[in-house]
Each structure stands twice: as structure tokens, then as C-alpha cells.
Amino acid sequence: MKMDGLERTGVTVREAGPDDVVGGVRPGVVALPESVEEISAVLRACAEGGLTVVPVGGGTKLHWGHPPERCDVLLDLCCLNEVVEHAAGDLVVKTQAGVTMDALADALAEQGQELALDVPFAEGATIGGTLAAATAGPRAFRYGTARDLLIGITVVLPDGTVAKSGGRVVKNVAGYDLGKLFTGSYGTLGVIAEATFRLHPLPADHRYVVTELAQRHVQEVTAMLAASQAEPSAVELDWPGGDAPITLAVLVEGSAAGQRAEALCTAIGAGAVTDEAPAWWGLITDDEVLIELRFPPARTSDVLAEVRDTGLSLRGSPVAGRVWLQPTAEPPADFAGVVSGLRERLTPVGGRVTVLAAPHEGVDRWGPVSALPLMRRVKERFDPERRMSPGRFIGGI
């Protein structure tokens with residue numbers, strides 16, 4: 001590999017180790033830029049040397065998606081860890097991509113504000129990685145996903161060009177909403193360097209309603225909660241599958257949270273009100289094998305019926321139509337068959353099954369994607385030489 005140009009950038013470069021593996025593929029070296037300009041210098045050198053690049057933040061999702069076809073350079077953004085600007089009066093923050101979600105939450109809390117993105121990992125997730133994988137948590141029901149809260153982005157394209165869109169535009173790429181394109185792109189279009197978000201005040205108070213439901217009652221109860229004037233911020237299910245009861249937890253935030261939570265508890269007809277979240281709330285505890293299932297909330301009963309006897313547990317939001325499936329013990333022996341069966345039965349009712357992580361060979365991770373031709377054209381426009389995370393995304397993009 002032609003690494004001479006990379007070394008001349010002045011950016012710190014080290015040999016890759018076993019902890020740097022991306023989906024089983026070990027990179028040649030790890031580059032650690034400390035600024036947007038250094039990211040640009042690294043990508044220019046890689047373009048000149050024909051080197052492939054995989055960006056990484058906290059490393060919590062390096063095993064998600066397909067393994068890359070090649071990974072010459074792992075671009076570690078851990079050193080881009082500063083909050084660039086917090087305009088508290090405007091409820092806006094601009095941050096570098098390597099800032100962890102926990103660190104940003106602590107900084108914003110000092111001003112009584114928050115970025116209302118609940119990441120499904122206890123620690124380590126970064127701003128850049130959260131955007132690149134488009135992960136969403138319980139409160140997406142009320143506040144929206146990363147795409148909804150993102151108002152500006154700075155990216156570095158594969159040839160080293162720095163492009164910006166949204167807030168404080170300096171240079172744009174005509175005809176493209178870079179924020180929406182790069183969110184969920186798995187590092188296949190370029191590198192997310194900085195992001196600007198819309199913030200919310202920290203809620204004055206909060207309460208959780210926790211109860212157990214029989215499978216046959218979940219659809220009716222969650223539909224009632226979604227339409228309730230008590231305005232819950234999140235409604236989550238936790239279910240081991242099979243004959244086990246389903247745990248329902250509802251978050252109520254803001255003024256009169258206690259009274260509103262009590263009203264919801266009464267409307268459900270059972271449960272308890274507490275100020276502590278359930279231990280499982282919004283978390284992915286083991287993502288060696290992980291399926292994301294999206295569906296119209298009106299089809300929750302169909303989803304529960306199909307998941308029931310698969311050997312998979314379910315956790316997530318029936319009101320946002322997004323849940324995670326994980327093996328309750330060992331993965332099903334015919335994991336690929338379970339996935340294809342879920343697709344076959346849920347696609348006709350609007351469901352979408354995505355295997356985010358799995359060590360199994362022969363598993364169709366994404367299934368049919370109608371937008372794939374358009375996505376290929378976008379990839380060709382941004383990365384015609386296929387040097388950014390090649391093969392990691394849908395259709396081998």
C-alpha cells in the first residue's frame with residue numbers, strides 16, 4: 001500500500017491492532033486527525049495513493065453492516081472531541097464528530113439543555129457514529145430522530161473537499177441535503193466531521209409508568225397512549241417472547257409529570273408510577289446478533305405474533321414503529337431462515353427487517369430495497385472510486 005503520502009500529512013498514524021478490526025477486517029494503519037483540516041489532508045493522501053478508508057468514532061458499531069471489502073486506513077475521530085459552540089439562547093449546539101454522547105449531555109446540562117437523542121449503548125457512542133448509523137432511542141416518538149434534530153453538518157468528501165450544509169453554510173454541494181444523505185450512510189459517502197443540532201430544555205420533571213400486558217392487549221393500549229392528551233415522550237416494550245408477559249413502560253416529561261403519569265396509569269388499568277427508568281430502558285445490551293424491525297404502529301399485533309416463537313426477544317417502541325430483536329439465548333439454528341420468514345410475512349403489512357449485526361454467513365442483511373438504484377447513483381456521485389467503507393452498506397455500496 002502507498003502509505004508515504006499519508007505519513008507526509010503530519011497526522012498521527014499508528015499500526016492497527018486487534019481492537020481496530022472492522023467486521024473481521026483488520027486495517028493497515030490507524031490515522032488520528034485532530035481537526036477538519038487534518039481529516040481533509042488524510043483523505044487527499046488516500047485518494048492519491050488509492051487507499052480505502054473506514055471512519056470510526058467510539059467503535060461501538062464497527063461490526064454492524066457488511067464487512068468492508070478493504071480497509072487500508074481506519075480513520076479514528078477520537079481526537080475531534082470538542083464542543084465547538086453552544087448558543088444556549090438559540091438552543092443550538094455545534095460539536096465535533098468525536099464528542100461522546102455522554103460528554104455532550106454533561107456539557108449541555110450545565111445550561112439546562114439537552115440533545116434529545118437516546119443512544120442504545122451505555123457508553124462510548126459518539127456524535128459521528130450515532131449519525132452514521134442513524135440510531136434512535138425511545139424519545140424519538142416525541143422529539144424525532146437524528147435526521148430531525150440535525151440542522152447543519154460539515155463533511156469531508158473522499159477527495160478531501162470540505163463541504164457544509166445547513167446552519168452557517170460556507171460551501172454546499174448543489175442539489176444535496178448533506179445532513180440527510182450522510183445520516184445512516186455507514187461512512188460510505190465521506191466523513192462526518194462536525195454537526196449542528198437543535199436542542200431542547202431539560203424537562204422540569206419526569207415519571208415512568210411500568211406495567212405488564214398480555215400480548216392481545218398491547219395494540220389497543222399503545223394506540224391509546226399514542227393519542228393521549230397526557231402526551232407521553234416515549235412508550236417502550238420489553239418482551240422475551242413466547243408466553244412471557246410483555247413489560248410496558250411509558251415516559252412522561254415536563255410540567256405536572258406526576259399527575260399525567262397517574263392519569264395514564266389509570267387509563268391502562270394497571271401498573272405503577274415511578275421516577276426511575278426500568279434497567280432495560282432504551283438499551284442494547286448485547287448486539288453480537290441484532291435485528292432492527294420497522295413497521296406501521298397500527299401493525300404492532302402482527303409484529304408480536306410473528307416474533308413470538310422465533311427465539312428472539314423484542315425491545316423498542318410500538319408507537320414509533322421501531323424495535324430491536326435479539327436472541328434470548330443462542331441464536332436460532334436457522335437464523336437466515338428466521339430472518340427471511342419475518343420478511344416474507346411482515347413486508348406485506350409494511351414491515352422492514354434489517355440485520356444490523358450477525359456473525360452468520362449467508363444472511364441477507366437488508367432484503368429488497370426499492371431505492372437501491374438511486375443509492376448507487378449517489379454513491380457514484382460522491383465516491384466514484386469506492387474508497388469510503390466499500391461494501392459495508394446496502395447492496396455492497
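Quick note: residue numbers are just sequence positions, from 1.
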Quiz item: Do His63 and Asp287 have side-chain heavy atoms sitting under 4.5 Å apart?
Solution: yes
Quiz item: Would Arg386 and Asp383 pass as an ion pair if we require N to O under 4.0 Å?
Solution: no
Self-check item: Sidechain N-carboxylate O distance under 4.0 Å for Arg14, Asp20
Solution: yes
Self-check item: Non-hydrogen atoms of Thr145 and Ala140 that approach each other most closely
Solution: CG2-CB, 4.3 Å
Quiz item: At their closest point, which heavy atom of Thr222 faces which heavy atom of Pro318, and how far apart are they?
Solution: CG2-CG, 3.5 Å
Self-check item: Closest non-hydrogen atom pair, Leu181 against Leu189
Solution: O-CD1, 3.8 Å
Exercise. Taking the six-membered ring for Trp and the full ring for Phe, Tyr or His, determine whether the centres of Tyr143 and His200 are under 6.0 Å apart.
Key: yes
Quiz prompt | Electrostatic pair Glu231-Arg260, nearest N-O below 4.0 angstrom | solution = no
Exercise. Find out whether Leu213 and Pro245 are in side-chain contact, i.e. whether some heavy atom of one side chain is under 4.5 Å from a heavy atom of the other.
Key: no
Quiz prompt | Any side-chain heavy-atom pair of Met101 and Leu117 under 4.5 Å | solution = yes
Quiz item: Quick one: are Lys61 and Leu356 in side-chain contact, heavy atoms under 4.5 Å?
Solution: no
Practice problem: Assess the side chains of Asp102 and Thr100: does a donor N or O sit below 3.5 Å from an acceptor N or O? | Solution: no
Quiz item: Of the non-hydrogen atoms in Asp275 and His206, which two are nearest, and what is the gap between them?
Solution: O-NE2, 3.1 Å
Practice problem: Check whether any side-chain heavy atom of Arg352 sits under 4.5 Å from a side-chain heavy atom of Leu293, and report yes or no. | Solution: no
Exercise. State whether Glu292 and Arg365 are salt-bridged, where the test is any N-O pair (Lys NZ or Arg NE/NH1/NH2 against Asp/Glu carboxylate O) under 4.0 Å.
Key: no
Quiz prompt | Pair Trp64 + Tyr186: ring centers closer than 6.0 Å | solution = no
